[in-house]
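The next block holds one structure in the form of structure tokens; read it before the comments.
Treat the numbers as computed from the prediction; the structure is a model and nothing was measured.
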Amino acid sequence: MKINIEESENNLILKAVKTNLKNGEFIRRILLDYNLLNKDYKLKKLDNNLYLPLNYEEIEEIGEEDLKNTLKNVIIKSQNQNQNQMDDMDFEIITTNESDFEKSNNKKNPSFKDYLLNNYSDELTNGRIAHAYDIIGDIVILQISDEIDKEERLKLGEKAKELIPSVRAVFRRESDVKGEYRVRDLEHLAGEENTLTLYKENGYKLYVDVAKVYFSPRLSWERNRIMQKVEKDDVIVDMFCGVGPYSIACKDAKKIYSIDVNPEAIKLLKENIKLNNLENKIFSILEDVRKVDLKGNRIIMNLPKYANQFVDKALDLVEEGGTIHYYMVGADVNEGINLFKSKCECEVLESRVVKSYSPREYVFVIDFKINNPNKNKK
Ligand SMILES: C[S@@+](CC[C@H](N)C(=O)[O-])C[C@H]1O[C@@H](n2cnc3c(N)ncnc32)[C@H](O)[C@@H]1O
């Protein structure tokens with residue numbers, strides 16, 4: 001096989017990790033843990049190298065540089081933990097195309113993406129059907145507009161169930177995330193009408209009920225970024241914890257306070273604490289965070305749409321010299337920076353786009369070091 005670096009007009013572009021055969025199995029397991037391995041294709045051996053095809057949308061969301069850094073960090077961490085000797089940290093991410101890889105099902109079935117491309121190219125172009133979908137455990141959530149007939153939507157659901165590996169149920173986003181609990185309406189399209197699933201990311205597991213709580217697999221990279229920053233003496237306050245993905249990602253900290261107003265989220269959080277053996281570290285609190293009185297040195301504010309209403313509360317919760325990870329929706333990250341500067345003495349440690357939110361808006365994260373939470377307080 002020749003690995004084409006050039007983009008081809010007739011073929012779907014794929015990204016792949018190229019590594020030497022010795023390190024291949026180690027990297028394969030990491031990619032599986034991160035839901036990054038594209039199971040539609042077989043791995044490819046060539047010369048002394050292994051090529052592992054990646055889920056392209058995931059890479060688009062996180063960016064290639066971030067992917068490389070995160071993989072490097074995870075490899076270093078796993079090596080320390082398991083004394084796994086990976087010869088050299090040698091791997092690269094290459095751009096190739098799907099014809100370089102053999103389909104994994106051997107049945108000459110198209111992938112669901114091929115199916116969409118072949119049958120719904122107009123709808124993909126005009127945005128009535130999105131190419132991207134979320135896989136949470138064994139549940140798939142498609143993005144299909146109301147303008148597509150119900151009958152057609154059900155047909156697409158059945159196709160998704162048939163063509164996407166290991167799927168138990170297919171739903172469609174019926175609304176944006178909304179309300180205080182940030183939960184979206186879903187329409188059932190195929191498979192079991194059961195919305196509870198077990199999801200895996202960054203080496204931990206989570207029960208998620210996609211109809212009752214907020215959850216986004218597209219934040220797994222961001223959670224990994226936070227995971228790398230946590231120190232063993234940290235006391236974390238996860239102000240809007242949901243089922244606990246950030247709290248659990250912070251498992252190397254000394255103590256984690258996890259707060260949410262949604263009783264269903266806290267119920268699942270409790271299950272997730274047990275599932276990950278973190279009973280002695282994570283303390284769940286079913287409450288409006290505005291009524292909670294605690295102190296921590298690392299505060300996580302993952303309520304991007306309304307976070308600006310909770311800055312004063314976060315400044316009450318943070319210790320002097322602590323860090324606030326502030327998520328916000330907007331067109332310009334300076335809105336968030338100026339807001340904090342008007343309320344306290346702080347510096348920006350890092351800021352980046354986490355994902356796109358609407359055609360002109362993004363979800364940004366800003367990591368602030370809070371030198372004096374009370375200065376400028378009104
Ligand atoms: C965007 S979700 C994030 C959940 C979780 N951090 C995650 O990444 O999956 C925001 C969460 O904040 C919770 N929430 C909203 N207002 C709240 C408040 N005043 N106090 C505590 N939790 C709140 C919602 O119930 C929801 O679970």
Does Tyr133 have Lys113 sitting over its ring (NZ/CZ under 6.0 Å from centre, angle to axis within 45°)? yes
Value for CD1 (Ile139) from CG (Leu196), rounded to nearest 0.5 Å, stands at 7.5 Å
Find out if a path of hydrophobic residues (ILVMFWY) with successive side-chain heavy-atom gaps under 4.5 Å connects Val170 to Tyr120. yes
Member of Asn276, Asp238, Asn272 meeting the side chain to side chain donor-acceptor pair (under 3.5 Å) criterion with Ser247: Asp238
Filter on ring pair (Phe, Tyr, Trp, His ring centres under 6.0 Å), then keep only pairs touching residues 143-174, sequence neighbours left out; what's left? Phe171-His188
Would you sort out whether Lys229 and Asp234 count as a salt bridge (Lys or Arg N to Asp or Glu O under 4.0 Å), showing the intermediate values? CA-CA 10 Å; Lys229 295 194 185 297; Asp234 279 352; over 6 Å; no
Side-chain ion pair, Lys155 and Glu158, N-O less than 4.0 Å: no
Non-neighbouring partners of Ser121 that pass side-chain contact (heavy atoms from CB on, under 4.5 Å), sequence neighbours left out: none
Can a salt bridge be assigned to the pair Asp114 and Lys103 using a cut-off of 4.0 Å between side-chain N and carboxylate O? yes
With Lys343, which of Asn338, Val311, Asn374 fulfils side-chain contact (heavy atoms from CB on, under 4.5 Å)? Val311
Inter- and intrachain pairs under ring pair (Phe, Tyr, Trp, His ring centres under 6.0 Å), touching residues 224-252, at least two apart: Phe240-Phe310, Tyr246-Tyr327
Short side-chain to backbone donor-acceptor contact, Asp149 and Glu151, under 3.5 Å: no
Using the side chain to side chain donor-acceptor pair (under 3.5 Å) rule, pick out the option among Glu231, Glu319, His325 that qualifies with Arg298. His325
